[in-house]
Amino acid sequence: MTGFLVRRILGALVILLIISAVTFYLFYAIPRDPARAFCGKICRPETLTLIRHNLGMDEPLFVQYWHWLVGIFAGRDFVQFGACPAPCLGYSFATQEPVFGAIVDRFPVTLSLTIGASAVILSFGILTGMLAAWKVGQPLDKIASASSVVGASLQIYFVGPLLAFYLVDTAGLLPRPSYVAFTEDPLGWFTHLLLPWVVLSIIFTANYTRMTRSQMVEQLAEDYVRTARAKGMSSRSVFFRFAWRGAMIPIITIFGVDLATLLGGAIITEQTFSLHGIGELAVRAVQNTDLPMLLGVTIVGAAAIVVLNIVVDVLYAVIDPRVRIG
Amino acid sequence: MTTVSWSGEQGTSRGPGPFLSVRDLSVEFSTEDGVVHAVDGLSFDVEKGTTLGIVGESGSGKSVTNLAILGLHDPAHTKIAGEIWLEDQELLSAGRGTMERLRGDRVAMIFQDPLTSLSPFHTIGRQIGEVYRKHKGASKKEARERAVEMLDRVGIPQPKTRVDHYPHEFSGGMRQRAMIAMALVCDPDLLIADEPTTALDVTVQAQILDLLKDLQQQFGTAIILITHDLGVVANTADNVLVMYAGRAAERGTVREVLREPRHPYTWGLLSSMPRLNAAVDEPLHPVRGTPPSLLTPPPGCPFHPRCDYPQLAGPELCFHQRPDISPESGHGDACYLTLQQKKDIRTAQIEEPA
């Protein structure tokens, strides 16, 4: 297991290195000069050169990239902004704030959103899927299957405002979505984020209901399930102890893939409910051609997905002993 | 019906009548295309301490019959009629709880493919032990000790280490041994082995069959051995039931059925088997045609479309009327040909092979 983890973490570092390099070079492929944007409308060549120098943009690309990399681990000094301690992701071209600080401020919002939505997706999706499989062919199964098709066809920017209108404005059941730090007020954190979680999870939940149902039905027809029944195991134990294990493996695999999509959905959800998370930061960074911010957000987002995927792989090994060796 | 040379096992008690008695069993599946008559009016008996070999092509209803004994069919899509008596208990009318207590305890089953039939998520020891815990109320520790003992009994080396391994860490033959250990953990009275050696290579096949024989001699278990391999039947079974299209085509002791086969289908099965003492270039003679569709079984004798002799039995008889197995007990078959006619055909066949 340790070897497995070490291998996975080393692999993850390589992936992050590649992602950051690609983002870095792609940025300079954009036909827009950030230094010129910095300089304003009346821009003299000397000022432009000075700005370039201050931003460190007068050096070759690979040197700039190297500085950026070193900054993460050792910190660096900027002519314009002064010392930037490690982990340093530079300063925003647009707002002049330190990128790392901005991300750290907003990261909890997006993380809360993603983790909460994941919990809703997995618990609710798997639960309804299992119920449908337990009562396969019966009314409950049909209701669950039909509603999952409806759920899968909905969109965040449609359901979000609609639910907000009914639940928040009309019925007053929930507070208007905003971010309350979990450490300060756990209950407030929960109630204020509940609506965004539900909205973000709706499309995914429906998929997981359908997937769990079909996987369970498939597993229940497997030979080893028949063996369990032939041994005299009760239907409940066959269902939950044997078939469930098998059904969860593909579900977890798909979930690992869906995490990236979920993060993308979180960005839309943030916009829908005006939550100040990483997504908002990313959108603004693109609009402003703000390289350090864009790089920072990209690398943090990628790191989150990579780390969560390692967690998924570990879960995978816990459930399926065949994955543990090799 | 298959009266059996009762092997005089000591200390076994039984009520009146045979140990396992299947009477007029029929199993129908409702599918999208219609009703499949997988088993249709099948009767047979098995005595304690003996082995009944059930032979037949794929789809002849061998496995379906035995899944019915264990009550493993999905009731939503299956209609089962007839009676299955295990000593003094009727199984088809028994409740779910009764069947759950019976399965794995008094009646156990070994499946064809030991890789897919074992749970990949649980250790071998746990899979064996949980049967023991369920039926004997044993503690976890007792169940584990029992699992080690069973692994040892079926000839798995280092059972104390092996008990904690997963099925994927076992070879094919070892998995089937573990499967047998699992089936035998509660000392069942009846063991149903559904093609237990089909997925194994030949050397391992022989070991597994020997193992089953040994265990039967030790514990007096009744065994139903489902196979399409007549060689396996010849070596291990006491009695044979040849099935065709969900019905009994022929039954009798191994000696009777293999030495003096009476049903044209049995002849076909026997002549389609390669023989070691035959000339190398002698072709095999498969039974011509294909098994009938069980959605719309042919009228009359289900075998008549593939039979070479329907005209011998009288005009149109085989085409319209279904033969029942006769005589009632002993060596019997479901065919209208007279014994003399069969004898003549057999003699001719043996003198001049096709």
Side-chain angles (χ1 to χ4, degrees), chain A residues 1 4 126 130 132-142 212-213 215-253 313-326, chain B residues 63 66-67 69-77 96-124 126-136 164-169 175 178-179 182-183 185-186 188 191-192 194 199:
Chain A
M1 198 63 169
F4 167 79
I126 291 174
M130 298 269 287
W134 179 254
K135 299 279 175 201
V136 71
Q138 292 177 31
L140 191 68
D141 172 27
K142 291 186 176 140
T212 307
R213 179 189 175 279
Q215 281 300 329
M216 282 303 289
V217 169
E218 213 170 275
Q219 288 296 321
L220 284 170
E222 285 286 329
D223 284 352
Y224 74 90
V225 170
R226 186 185 59 186
T227 310
R229 299 214 299 133
K231 293 198 294 193
M233 297 291 120
S234 66
S235 340
R236 196 175 304 139
S237 132
V238 165
F239 196 81
F240 290 106
R241 286 203 25 238
F242 289 85
W244 186 82
R245 281 291 266 284
M248 278 313 104
I249 291 171
I251 304 251
I252 287 176
T253 313
D313 281 350
V314 170
L315 266 181
Y316 206 87
V318 168
I319 288 190
D320 192 346
R322 286 169 296 186
V323 183
R324 276 173 224 164
I325 24 172
Chain B
S63 300
N66 289 286
L67 291 174
I69 296 177
L70 279 173
L72 287 181
H73 288 298
D74 177 3
H77 304 286
R96 206 183 66 183
T98 314
M99 288 309 287
E100 272 174 13
R101 280 192 296 279
L102 191 96
R103 293 200 283 257
D105 187 20
R106 293 195 64 201
V107 184
M109 190 152 180
I110 301 170
F111 292 98
Q112 176 174 352
D113 188 342
L115 177 57
T116 57
S117 297
L118 289 167
S119 163
F121 311 120
H122 303 97
T123 61
I124 294 284
R126 180 148 175 216
Q127 294 189 54
I128 297 174
E130 69 189 348
V131 192
Y132 200 59
R133 290 185 65 194
K134 157 103 189 176
H135 296 297
K136 305 291 184 200
D164 292 321
H165 286 192
Y166 287 92
H168 68 269
E169 297 168 276
R175 277 186 213 129
M179 192 81 200
M182 197 163 84
V185 68
C186 292
L191 179 67
I192 300 171
D194 190 349

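Here is how names work: the chains are called A, B, and so on, in the same order as the sequence lines, proteins then strands, and each is numbered from 1.
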Which answer fits [X], side chain, backbone, both or neither, if we ask what part of it has an atom under 4.5 Å from a heavy atom of chain A?
X: B:Phe121; answer: both
X: B:Leu67; answer: side chain
X: B:Met182; answer: side chain
X: B:Leu72; answer: both

Open item on the list: If you compare all heavy atoms of A:Arg229 against all heavy atoms of A:Val238, which two are closest, and at what distance to 0.1 Å?
Closed with: CG-CG2, 3.8 Å

Which of the residues [options] is involved in the greatest number of heavy-atom pairs with chain A at under 4.5 angstrom?
options: B:Pro188, B:Pro167, B:Pro120; answer: B:Pro120
options: B:His122, B:Glu130, B:Met179, B:Arg101; answer: B:Glu130
options: B:His135, B:Met109, B:Gln112; answer: B:His135

Open item on the list: If I measure from the heavy atoms of chain B, does A:Ser235 come under 4.5 Å with its side chain, its backbone, both, or neither?
Closed with: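 Contact with chain B is through both the backbone and side chain of A:Ser235.
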
- [ ] Could you tell me the separation between the CD atom of A:Glu218 and the CG atom of A:Leu220, rounded to the nearest 0.5 Å?
- [x]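 The distance works out to 10.5 Å.
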
Open item on the list: To the closest 0.5 Å, what do you measure between CH2 (A:Trp244) and CD1 (A:Ile319)?
Closed with: 5.0 Å

Task: B:Ser117 backbone acceptor or donor facing A:Thr227 side chain under 3.5 Å - done: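 Yes, the answer is positive, given that a donor and an acceptor are paired below the 3.5 Å cut-off.
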
Task: Most chain B-contacting option - heavy-atom pairs closer than 4.5 Å, from A:Gly246, A:Ser237, A:Ala230 - done: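 Top count of heavy-atom pairs under 4.5 Å with chain B: A:Ala230.
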
TODO: Indicate yes or no: at least one non-hydrogen side-chain atom of A:Leu315 is less than 4.5 angstrom from one of A:Met248.
DONE: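 No. Closest side-chain heavy atoms not under 4.5 Å.
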
- [ ] Find out whether A:Gln215 and A:Ile249 are in side-chain contact, i.e. whether some heavy atom of one side chain is under 4.5 Å from a heavy atom of the other.
- [x]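 Result no, sub-4.5 Å side-chain heavy-atom pair not found.
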
Open item on the list: Exactly one of B:Gln127, B:Arg103, B:Lys134 should register a side-chain contact (heavy atoms from CB on, under 4.5 Å) with A:Lys231. Which one does?
Closed with: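 The residue from B:Gln127, B:Arg103, B:Lys134 that satisfies side-chain contact (heavy atoms from CB on, under 4.5 Å) with A:Lys231 turns out to be B:Gln127.
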
